[in-house]
Visitor: 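Quick one: this structure, given as structure tokens, is what I'll be asking you about.
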Amino acid sequence: MKKDPAVEAEVARQMEVLTRGAAEVIPVEDLEAKVRKSIKTGKQLTVKLGIDPTGSDLTLGHTVVLQKLRQFQNMGHKVQLLIGDFTGMIGDPTDRTEARKQLTREEVLANAATFKEQAFKVLDADPAKIEVMYNSDWLSAMNFADVLELASKMTVARMLERDDFKKRYEGNLPISLHEFMYPLMQGYDSVAMKCDVEIGGTDQKFNVLMGRTLQKEDGQEPQVVITMPLLVGLDGVKKMGKSAGNYIGVTEEPNDQYGKTMSIPDHLIATYFELVTDVTVEELGEIKKGLEAQTLHPRDAKMLLGRTIVTKYHGEAAALEAENYFKTVFQNREIPEDIPEYEVEPGEKWVVALLTELKLAPSNGEARRLIQQGGLKINSEKVEDPQFQLVPADGMIIQAGKRKFAKLKLK
RNA sequence: GGAGAGGUACCAAAGUGGCCAAAUGGAGCGGACUGUAAAUCCGUUGCGUAAGCUUCGAAGGUUCGAAUCCUUCUCUCUCCA
């Protein structure tokens, strides 16, 4: 077979972008073949991402896969966003901390809308490049015989290979039988959707590979699986997640996004650039080189990272503002200019109660502790007496700890 | 269906009649330090300005006194069938 140099150049270009940052591409040759075919025929590849409509706020961790999808879109391919409304209505069993709440149809749709709203900060909303699908369309139509047929394709031993099942099994944590159906359902989605590619975090590898297995059984060309590394959270150890509290939220305030970015350990800087920003492969190389050669100060690299992230979600003006805020409050230890104002009744007040009222402390006990530990400043003066009676004045500045401020305003 | 083990604070895990608002670790919060909201070190961590109040799966009971003993219920795990 003769190779067309123009086509091959395009294949190489796409492959570089599409495989960037990926943990695994299974198998790479198939992806290359699919890309080549797509270029020759002019037919877009369909790329699936399945999501649970839990309605939660997205973190930068979620955006890692979204970024990858965006790159596919940029190469002219089409994203199939699969809303797991069927699985969502049953309730996500992996999250045992919350009672399994059954989501209603309306809740699922509302949550899906929340997801889309956030996801489109990363994805291209061009209808030619994205399609939203719901798995209840085919899953709810299956009867028990269909389910048994599907279940016969898998064994318990293989299911227990899956990491989180294995851990829970070994850790004496309950596994409900129907949870075994989840990977099957997810795999079946790929059959129903006839996907070319499916993207998921490395934790999804098992499920996503199930799609390949079932597609083969069905006589389809199996999808290529691309797994993306799980983004390590702010603590530098655990994966970024809501429950670990080590996350940066997509919808968070610019100041928080920026500040949190500044708190990541140095060794994660390059990883963050690679996985959650749009810097080019070349720029990424520059940054890595700079950090290694110590010509680029990690602090400056982080500041650039923070600015890049905030710009992406809030725009450049907000990013600059957040940077200034950070410099003022944390680098120079000054009081920022924009402090949220709170209206207070005039007249003498017990400081502890005031802190609680302003939500600078969750309870009186915590507020008292904060004061005793020297964490309270009023108009830049330390107040260490928990019995202190304060006479509020307009413009009075209360600082609780290093980074919580409130400005008083008399009613 | 049978036998056994277990459910402790945000999480993990000690405690097995009073000294337990409950060790310890993690997380959180405050302080010091720092380029940093990192690392490290120190302090602190139910609610209540106090008297006191509520906490150890749930409900009852024994006792002057229970996280600890008894009964029932409930959930989880392990082994056997």
Side-chain angles (χ1 to χ4, degrees), chain A residues 60 93 95-100 160 165-177 179 232-249 252-272 290-291 294-307 309-310 322-334 336 348-357 359-377 382-390 398-405:
Chain A
L60 282 191
D95 191 3
R96 295 282 300 186
T97 50
E98 278 175 52
R100 291 177 199 167
L160 284 173
F165 281 152
K166 195 174 180 175
K167 279 196 193 123
R168 280 161 64 189
Y169 189 69
E170 285 170 355
N172 291 348
L173 293 167
I175 302 174
S176 299
L177 193 55
E179 294 180 58
V232 177
L234 307 177
D235 54 8
V237 183
K238 284 185 282 200
K239 77 165 187 179
M240 182 178 283
K242 265 286 175 57
S243 48
N246 59 354
Y247 68 97
I248 300 177
E252 269 186 291
E253 291 303 308
N255 285 346
D256 289 330
Q257 287 186 339
Y258 191 92
K260 284 180 176 184
T261 304
M262 291 306 286
S263 79
I264 64 169
D266 293 354
H267 68 267
L268 285 179
I269 297 172
T271 310
Y272 270 54
L291 286 171
Q294 300 196 343
T295 49
L296 176 61
H297 196 296
R299 177 202 51 209
D300 297 332
K302 270 202 262 192
M303 289 178 90
L304 175 63
L305 178 64
R307 226 159 46 225
I309 290 172
V310 179
E323 183 162 286
N324 280 332
Y325 178 87
F326 183 84
K327 283 183 185 162
T328 323
V329 180
F330 299 109
Q331 295 193 333
N332 305 331
R333 292 281 177 104
E334 289 165 12
E348 197 175 83
K349 256 191 187 23
W350 180 39
V351 257
V352 168
L354 183 72
L355 286 176
T356 316
E357 184 191 324
K359 300 217 165 52
L360 293 175
S363 71
N364 286 4
E366 293 253 3
R368 198 174 308 117
R369 231 172 276 137
L370 181 116
I371 295 169
Q372 281 162 350
Q373 295 182 139
L376 174 68
K377 281 185 188 164
K382 198 177 263 191
V383 174
E384 285 180 282
D385 175 16
Q387 297 306 322
F388 187 71
Q389 296 294 320
L390 179 77
I398 315 279
Q399 178 178 5
K402 278 178 195 153
R403 52 192 144 112
K404 280 182 282 190
F405 298 90

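Just so you know, these numbers use all the heavy atoms, side chains as well, and skip hydrogens, waters and symmetry mates. Each chain gets a letter, A, B and so on, in the order the sequences are listed, and its residues count up from 1.
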Visitor: Can you tell me how far C1' of G31(B) sits from CZ of Arg403(A), to the nearest Å?
Guide: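 Result: 13 Å.
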Visitor: Within this structure, what is the CE-to-P distance between Met303(A) and A38(B), rounded to whole angstrom?
Guide: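 The distance from CE of Met303(A) to P of A38(B) comes to 16 Å, rounded to the nearest Å.
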Visitor: Measure the distance from NZ on Lys402(A) to P on U34(B) and round it to the nearest whole Å.
Guide: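 These atoms are roughly 11 Å apart.
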Visitor: Under 3.5 Å, is there an N or O donor on one side and an acceptor on the other linking the side chain of Gln373(A) and the base of G43(B)?
Guide: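 Between G43(B) and Gln373(A), which were checked side chain against base, a qualifying N/O pair under 3.5 Å is present.
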Visitor: Could you tell me the separation between the CD atom of Glu384(A) and the P atom of G31(B), rounded to a whole number of Å?
Guide: 11 Å
Visitor: I want to check a possible cation-pi pair here: Lys260(A) against Tyr247(A), using under 6.0 Å from ring centre and within 45° of the ring axis as the test.
Guide: yes
Visitor: Given A38(B), U36(B), U49(B), which nucleotide is nearest the side-chain atoms of Pro265(A)?
Guide: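 The answer is A38(B).
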Visitor: Give one of base, sugar-phosphate or nothing for Asp300(A), where a contact means two heavy atoms less than 4.0 Å apart.
Guide: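 No contact.
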Visitor: Is it the case that atom CD in Gln294(A) sees more than 12 heavy atoms from other parts of the structure closer than 6.0 Å?
Guide: no
Visitor: Between U8(B) and A13(B), how far apart are the two P atoms, rounded to whole Å?
Guide: 8 Å
Visitor: If we take the C1' atom in both U62(B) and U54(B), what is their distance in whole Å?
Guide: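 Per the computed distance, 23 Å lies between those C1' atoms.
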Visitor: Looking only at side-chain atoms of Asp266(A), point me to the closest of C47(B), U49(B), G35(B).
Guide: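 So the side chain of Asp266(A) is nearest to G35(B).
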Visitor: Show each protein N/O and nucleotides 21-25 of chain B N/O combination with a separation under 3.5 Å, one pair to a line.
Guide:
none

Visitor: Nearest-Å distance, CD (Glu366(A)) to P (U49(B))?
Guide: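 Rounded to whole Å, this separation is 14 Å.
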Visitor: Nearest-Å distance, CG (Leu355(A)) to C1' (U49(B))?
Guide: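 It works out to 13 Å between those atoms.
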Visitor: Within this structure, what is the CG-to-P distance between Asp385(A) and U49(B), rounded to whole angstrom?
Guide: 15 Å
Visitor: Between N or O atoms, less than 3.5 Å apart, protein on one side and nucleotides 9-12 of chain B on the other: list the pairs.
Guide:
none

Visitor: Would you measure the distance from the C1' atom in G46(B) across to the matching atom in A9(B) and give it in whole Å?
Guide: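 The answer is 8 Å between these two C1' atoms.
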Visitor: Look only at the side chain of Gln399(A) and the backbone of Gly401(A), and say whether a donor-acceptor pair between them is shorter than 3.5 Å.
Guide: yes
Visitor: Using the P atom in both, what is the distance from C69(B) to A81(B), to the nearest Å?
Guide: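 Taking atom P in both C69(B) and A81(B), they lie 32 Å apart.
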Visitor: For the base of U49(B) and the side-chain ring of Trp350(A), does the geometry meet a stacking cutoff of under 5.5 Å between centres and under 30° between planes?
Guide: yes
Visitor: Paired with G1(B): which nucleotide, if any, by Watson-Crick or G-U wobble criteria at under 3.5 Å for both distances?
Guide: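 Base-paired to C80(B).
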Visitor: Rounding to an integer number of Å, can you tell me how far Arg299(A) CZ sits from A39(B) P?
Guide: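 That distance rounds to 19 Å.
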Visitor: OP1 or OP2 of G48(B) sitting under 4.0 Å from any side-chain N/O of Ser363(A)?
Guide: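 Checking Ser363(A) against G48(B): at least one side-chain N or O falls below 4.0 Å of OP1 or OP2.
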